[in-house]
Chemist: 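Attaching a single structure in structure tokens format; questions to follow.
Below, read A as the first sequence line, B as the second, and so on, with proteins coming before strands; counting in each chain starts at 1.
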Number of protein chains: 2
Amino acid sequence: MSHEQINPYVSVDCVVLGFDGRQLNVLLVRQREEGTDENSTGYYKLPGSLIYMHETLDEAAQRVLRQLTGLSQVNLYQFYAFGALNRLDNQRDRVWLEHFHRLEKSLERIVSVGYFSLIRINRTMLQLDKGYEACWMPLSDLPQLAFDHNDIISKAMEKIAGVVEAMPEIVFSLLPRKFTASQLFYAYSATTGKTMDIRNFHKKLHTMPFVVPLEEKQKDVNHRAARLYRFDRRLLVP
Amino acid sequence: MSHEQINPYVSVDCVVLGFDGRQLNVLLVRQREEGTDENSTGYYKLPGSLIYMHETLDEAAQRVLRQLTGLSQVNLYQFYAFGALNRLDNQRDRVWLEHFHRLEKSLERIVSVGYFSLIRINRTMLQLDKGYEACWMPLSDLPQLAFDHNDIISKAMEKIAGVVEAMPEIVFSLLPRKFTASQLFYAYSATTGKTMDIRNFHKKLHTMPFVVPLEEKQKDVNHRAARLYRFDRRLLVP
DNA sequence: GCAAAAGTGTTAGAAGTACACCCATGA
DNA sequence: TCATGGGTGTACTTCTAACACTTTTGC
């Protein structure tokens, strides 16, 4: 099917950051040869793949994420294209890729276009669909990944800090519909890398009309229950 | 020479913005078939080209700029990858490209990686090297360009505004070593798209230790001569 | 009662915004 | 003397930063 003819020079990689209310986690998939024992250790990599001849970069990023992790309809932002000549220098990665795509010719340098996404990890997400070998790993404690994926994640974090500064409302995509002040606080801190005084943060909250306090409180916590808030996009501009 | 084997799927395009003390200009080259009359109208395009198999994206951007315009050693910043399927839909552009690169197979969709640069236009630059068919066009008054190059320039301007907000010192690359307050003012305004009160701008200038006032003044102007300043990068951080 | 996290106010300094007139120069 | 752009000051508001203790809840 010509629609699925592979472009062997261009790939996309997705840095999907999931927030669990406290810290950021990266969505990774297993790089494991078919036929290998399911429990073999193996390496992890970002969800990513060569693109098809007849799909745009944005489409490729959405497709790859869906195929490798089951996630769909996430907001992906393109952030950088990686074109170093040594991206395939690791023989393990090269062999894995050639087998994975059933390629006959050996691969040349691949230019990979990076996308990031900020999403919340809820109960269903936490346990990812069993059909996929996908998992969440804390950003603060990543293993060595395949290809240059550790570098790609570093670059993503740099860019994300800038994007969050420029359009702070993007952090609400990390949070559930109802969230506490401290969850918002941690989401800001984790994405911008900036620390901030919690009292000053509360004060700033009160000046944001689009963060609407609810009567509702947290339940089932073994300490004082926090007030819940919701984000109202309609109150953003004025 | 294998070093110069073309990668027919990936290109780079450079949005070089030159500042003449008042407004931004884009560096364009002629898209003209060899053998065509030198005065034929033809189309303009950004300096850009397919990359070689064995060069990085950054290297390709530098090379292309040098080959097509004679410019070298400029700071290029990667800003976006363009992967729409219709980038080659215009038959004129497609034919031109295939001839230009002496390609035998017809081209598929090309992913183009955009770079921008901010430079000053000085007297030597204003009249670009005659060996190249390059010229400056005011950003505010661009004709229709080849490929999706008008879109690429729009995207570049969006990104540049963000970059200038995040690292304002980049505007000094638009200015000569000695510059007036109003040149700096126009450079800020043109890159960020923001207007600002000129009195408040002067006040802000005084709080920037890295903008050093000189005793020297403008010469040969038919109005009150403005003070000159210089930028001292060493005074940036503290 | 203790562990754990929630929530709250003041002050000082810095930075931003709004606003209008006189000055120097060359033609 | 006129046209052109250069240069200046004040008052007000807003934002930022520093700083420590009391409250609620479940165990």
Chemist: Which atom pairs link the protein and nucleotides 20-23 of chain C when you take only N or O atoms and keep those under 3.5 Å?
Modeler:
from	atom 1	to	atom 2	distance (Å)
C:dA20	N6	B:Arg199	NE	3.4
C:dC23	O2	B:Arg224	NH1	3.3

Chemist: Do A:Phe179 and A:Phe231 make the cut of ring centroids closer than 6.0 angstrom?
Modeler: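 No - the distance between ring centres of A:Phe179 and A:Phe231 does not fall below the 6.0 Å cut-off.
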
Chemist: In residues 225-233 of chain B, which ones come under 4.0 Å of DNA chain D, going by heavy atoms?
Modeler: B:Ala225, B:Ala226, B:Arg227

Chemist: What residues, two or more places apart in sequence or in another chain, satisfy ring-ring contact (aromatic ring centres under 6.0 Å, His included) together with A:Tyr80?
Modeler: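 Residues passing ring-ring contact (aromatic ring centres under 6.0 Å, His included) with A:Tyr80: A:Phe82.
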
Chemist: Identify each atom pair where a protein N or O and an N or O of nucleotides 13-17 of chain D are less than 3.5 Å apart, giving names and distance.
Modeler:
from	atom 1	to	atom 2	distance (Å)
D:dA17	N7	A:Asn200	ND2	3.3
D:dA17	N6	A:Lys203	NZ	2.8

Chemist: OP1 or OP2 of C:dA6 sitting under 4.0 Å from any side-chain N/O of A:Ser182?
Modeler: yes

Chemist: Is the shortest side-chain heavy-atom distance between A:Phe172 and A:Val211 below 4.5 Å?
Modeler: yes

Chemist: From the set C:dA5, C:dC19, D:dC27, return the single nucleotide nearest to any side-chain atom of A:His223.
Modeler: C:dA5

Chemist: How many whole angstroms separate atom CZ of B:Arg22 from atom C1' of D:dT4?
Modeler: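 These atoms are roughly 10 Å apart.
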
Chemist: Name the atoms and distances for all side-chain donor-acceptor pairs under 3.5 Å in residues 154-170 of chain B, with sequence neighbours left out.
Modeler:
from	atom 1	to	atom 2	distance (Å)
B:Ser154	OG	B:Asn150	O	3.1
B:Glu165	OE2	B:Lys194	NZ	3.2

Chemist: Could you tell me whether the side chain of A:Lys45 reaches within less than 4.5 Å of the side chain of A:Arg30, counting heavy atoms only?
Modeler: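 When only atoms from C-beta onward are counted, A:Lys45 and A:Arg30 do not touch, as no gap falls below 4.5 Å.
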
Chemist: Using five base pairs at each end, measure the axis-to-axis angle across the helix from C:dG1-D:dC27 to C:dA27-D:dT1 and round it to 10 degrees.
Modeler: 10°

Chemist: What is the separation between atom CG on B:Leu205 and atom C1' on D:dT8, rounded to the nearest whole Å?
Modeler: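 That distance rounds to 13 Å.
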
